[in-house]
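Structure record follows, encoded as structure tokens.
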Amino acid sequence: NNIPVQSYTTSGDVRSVAISADGTYIVAGSHDDRVYLLDKYSSTPLWSYSTGYDVDSVTISADGEYIVAGSADNKVYLFHKDGSTPLWSHTTGNDVHSVSISADGEYVVAGSDKIYLFDKDSSTPLWSYETGSAVWAVSISADGEYIAAGSDDYKVYLFDKDSSTPLW
């Protein structure tokens, strides 16, 4: 199982990377406006997708099946690993600074002008919450039950996935 040391060179600075739980799939977001999916066996991307704007945040489900990207085109994108065509995208009110996905890929959270929670099967948010400031960091628990977010309002928020009212 010796994997040679390799790298892939993008044409812009890489702002975000994520890796599947077993290390098979790697996703990267770059300031060359692209989302890249690679695997551990080759430094040649399996595919790439251009959003037309800087890609600031990427994440991948634990099993490597689903990829989420947040872009400066104000959009959240959901991909399946088998293709570079987005399953869906959603336009937010600002750059998408942070994205996170539950381990099974069922739930997606994005931080932009608001906190957005999605089910993977729809580009319509299950809910959103406005902090009054840019949302720079989001994370979702492995089971998808809890969402944490950090905002320019100096606050950390905790949510249950079933409600847009913060637990605290």
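Fair warning: this is a prediction, and the values are worked out from it, not measured in the lab.
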### Minimum heavy-atom distance D56-S16, with the two atoms named
O-CB, 3.5 Å

### Task
Take K81 and I67 through the test side-chain contact (heavy atoms from CB on, under 4.5 Å) and record every step on the way to the result.
CA-CA 7 Å; K81 70 171 176 54; I67 293 97; 4.0 Å; yes

### Query
For E65 and H80, what are the C-alpha separation, side-chain angles and deciding distance, and is it a side-chain contact (heavy atoms from CB on, under 4.5 Å)?
CA-CA 6 Å; E65 291 293 309; H80 189 272; 2.8 Å; yes

### Summary
Heavy atoms of I26 and D39 approach each other most closely as CD1-C, 4.0 Å

### Cluster check Y66, I60: I/L/V/M/F/W/Y, side chain < 4.5 angstrom
no

### Query
Taking only residues two or more places apart in sequence, or in another chain, which ones meet T92 in a side-chain hydrogen bond (donor to acceptor under 3.5 Å, both in side chains)?
S112

### Query
Between Y36 and V55, is any pair of side-chain heavy atoms under 4.5 Å apart?
no

### Query
Out of curiosity, does I115 fall in the hydrophobic cluster containing L117 (side-chain heavy atoms, cut-off under 4.5 Å, transitive links)?
yes

### Task
Would you kindly confirm whether Y107 and Y129 end up in one hydrophobic cluster when ILVMFWY residues are joined by side chain heavy atoms under 4.5 Å apart?
yes

### Query
Checking S20 side chain against A62 main chain: does a donor-acceptor pair fall under 3.5 Å?
no

### Query
Once you round to the nearest 0.5 Å, how far does OG of S133 lie from CD of E130?
9.0 Å

### Task
Measure from the side-chain N and O atoms of N94 to the backbone N and O of D113, and report whether any donor-acceptor pair falls under 3.5 Å.
no

I'd like a table of donor-acceptor pairs (distance under 3.5 Å, sequence neighbours excluded) in which one partner is a side-chain atom from residues 155-168, with atom names and distances.
unit_1 : atom_1 : unit_2 : atom_2 : d
Y157   : OH     : D153   : OD2    : 2.3
D160   : OD1    : D162   : N      : 2.8
S163   : OG     : T165   : N      : 3.0

#### Entry: Closest non-hydrogen atom pair between S57 and V99, with its separation
OG-N, 2.9 Å

### Task
Answer with yes or no whether the hydrophobic clustering places L37 together with I19; edges join I, L, V, M, F, W, Y residues whose side-chain heavy atoms lie under 4.5 Å apart.
no

### Query
Can you check whether D82's main-chain N or O pairs, donor with acceptor, with W47's side chain at less than 3.5 Å?
no

### Distance-only polar pair, side chains of R34 and S50, donor-acceptor under 3.5 Å
no

### Task
Would you check if V27 and F79 make a side-chain contact, meaning some heavy-atom pair closer than 4.5 Å?
no

### Query
Looking only at atom types and distance, does a side-chain atom of D33 sit under 3.5 Å from a main-chain N or O of D54, one as donor and one as acceptor?
yes

### Query
Under 4.5 Å between any side-chain heavy atoms of Y25 and L38, yes or no?
no

### Task
Indicate yes or no: at least one non-hydrogen side-chain atom of Y116 is less than 4.5 angstrom from one of H90.
yes

### Task
Could you state whether V96 and F118 fall into the same hydrophobic cluster, counting links through intermediate Ile, Leu, Val, Met, Phe, Trp or Tyr residues with side-chain heavy atoms under 4.5 angstrom apart?
yes

Compile the donor-acceptor pairs under 3.5 Å between side chains in residues 135-147 and protein atoms, sequence neighbours left out, one pair per line.
unit_1 : atom_1 : unit_2 : atom_2 : d
W136   : NE1    : D152   : OD1    : 3.1
W136   : NE1    : D152   : OD2    : 3.1
S141   : OG     : D143   : OD1    : 2.7
S141   : OG     : E145   : N      : 3.2
S141   : OG     : Y146   : N      : 3.1
D143   : OD1    : E145   : N      : 3.0

### Task
Work out which heavy atom in N74 is nearest to a heavy atom in D95; give both atom names and the distance.
OD1-N, 3.1 Å

### Query
With a 4.5 Å heavy-atom cut-off, do Y77 and Y49 have their side chains touching?
yes

